[in-house]
Every structure is written in C-alpha cells, then in structure tokens.
Amino acid sequence: MKKSLLALAAAGLLFAGCTSVESTQNFNGIACGTATEKGTCQILIQIPGYYLLGLPIITGDLADGKFTFFTYTQTTDNAIWLLTKEAKSKGATRIINQHLVMQECFVPFPFVSKKILNVSATGVRSRSAAMRHAREAYDREP
C-alpha cells in the first residue's frame, strides 16, 4: 500500500505541472479591443491539479511555475487574481473577453482525477488611461 501511494505521488509530481501564466503583447497589427480601448495583452492562465476521491493531492500554486500539496487552489478568485495581476503588469486598465473553463479527466490510477482550470482574457487600456500613464512616467523622470 505504501509503495502504491509513493508511486502515485511520484507520478503526480511528474505529470502534475505547475501553474502557468502566459501573456503576449504581439497582436500582429490586428486591433484587439473596442472602439475606445486598445488591446495591450492577451493572457492565458492554467492551474492544474490531481485529486484523490475529490480531495486535492497536488495543485498549481498562486505563483507562476509553482505547485502545492493538499491545498485547493483552483478557485475562480485565485484565477481572477492571477489574471488581473498579469494584466496590470502589462499596462491594462480593464479586461474584456474573459473566458474561464474547468476541465476534468480521469487518469489510469484508481479514484484519481486531473482537473485543469483555464482562464483567458484580453487586457485593454483606454486612450485617456494611456495618456495619464505616459504623463506620470514623464513626471517621474529626473
């Protein structure tokens, strides 16, 4: 029994993956925004996790490239927190086209399932926010 659990834990570490936060600011010259706002970034977040009978074993942490044991981190609050944090770091003042999906599949081990929380959105910034940001950056310079 102990060997089975150890093998399960080792396989989980191998295949669990960590929280992934990816973003791009390259739109290839296509306007991704609204009539009054310009797209600043496209963001994709994935928080994976393995569960034994519905209880978390290994899940993605709230930091990019990290994971945690026995903690349920796949919540909408955590996903939106990561999304807004990344959008702010890319200069966005608002998020549009937000899409959140939870996928679940069963793995070969008995009573073990894998869930992945995917969130994607486009960060946008209005002209007035861009001008205000540029003015503040100019004022900070010596």
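Below, each value reflects all heavy atoms present in this structure, side chains not excepted, and no hydrogens, waters or symmetry copies. None of the values given here were measured: they were computed from a predicted structure.
Linking ILVMFWY side-chain heavy atoms closer than 4.5 Å, directly or via other members, places L82 and V101 in two distinct hydrophobic clusters. Note on M102: it clusters hydrophobically with I80, by side-chain heavy-atom contacts below 4.5 Å among ILVMFWY residues. Under a hydrophobic clustering in which Ile, Leu, Val, Met, Phe, Trp and Tyr are joined whenever their side-chain heavy atoms come within less than 4.5 Å, directly or via other members, V107 and I57 fall into the same cluster. Both W81 and I47 are members of a single hydrophobic cluster when ILVMFWY side chains are connected at heavy-atom separations under 4.5 Å.
Under a 3.5 Å cut-off, the side chain of Y72 and the backbone N or O of Q74 do form a donor-acceptor pair. In this structure, the side chain of T75 engages the main chain of N78 through a donor-acceptor pair within 3.5 Å.
Within 6.0 Å of atom CZ in F111, 12 or fewer heavy atoms from other residues, nucleotides or ligands are found, so the atom counts as exposed in its surroundings. Heavy atoms of other residues, nucleotides or ligands lying less than 6.0 angstrom from NZ of K38 number 12 at most. Within 6.0 Å of atom CE in M131, 12 or fewer heavy atoms from other residues, nucleotides or ligands are found, so the atom counts as exposed in its surroundings.
Both tests hold for K115 against Y51: distance to the six-membered ring centre under 6.0 Å, angle to the ring axis within 45°.
Shown here for R125 and G91, the closest heavy-atom pair between the two residues is CD-O, 3.3 Å. Taking every heavy atom of both residues into account, C41 and A87 meet most closely at SG-CA, 4.2 Å. Taking all atoms of both residues into account, the shortest heavy-atom contact from A79 to V119 is CB-CG2, 3.4 Å. When all heavy atoms are compared, the tightest approach of A121 to I95 is CB-CG2, 3.3 Å. Minimum heavy-atom separation, S126 to T93: N-OG1, 3.9 Å. Across all their heavy atoms, P48 and C18 have their closest contact at CD-O, 3.6 Å.
Rounded to the nearest 0.5 angstrom, K66 NZ and S20 OG are separated by 14.0 Å. One finds the CG atom of L44 at 6.0 Å from the CG atom of N118 (value rounded to the nearest 0.5 Å). Atom CD1 in I45 sits 4.5 Å away from atom CG in L83 (nearest 0.5 Å). Rounded to the nearest 0.5 Å, atoms NZ (K85) and NZ (K90) are 12.0 Å apart. Here the CZ-CG distance, from F67 to L62, works out to 14.5 Å after rounding to the nearest 0.5 Å.
Contact check for P56 versus F70: no side-chain heavy atoms found under the 4.5 Å cut-off. The shortest side-chain heavy-atom distance between E22 and I43 does not fall under the 4.5 Å cut-off.
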Are T84 and E86 close enough, and set up right, to give a side chain to side chain donor-acceptor pair (under 3.5 Å), and what steps lead you there?
CA-CA 5 Å; T84 54; E86 182 68 14; over 6 Å; no

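Screening D61, T19, T59 against T73 for a side-chain hydrogen bond (donor to acceptor under 3.5 Å, both in side chains) leaves a single residue, T59.
Neither side chain, Q25 nor S23, offers a donor N or O lying under 3.5 Å from an acceptor on the other. The closest side-chain donor-acceptor pair between Q42 and T24, if any, does not fall under 3.5 angstrom.
Comment: R94 engages E37 in a salt bridge, judged by a side-chain N to carboxylate O separation of less than 4.0 angstrom.
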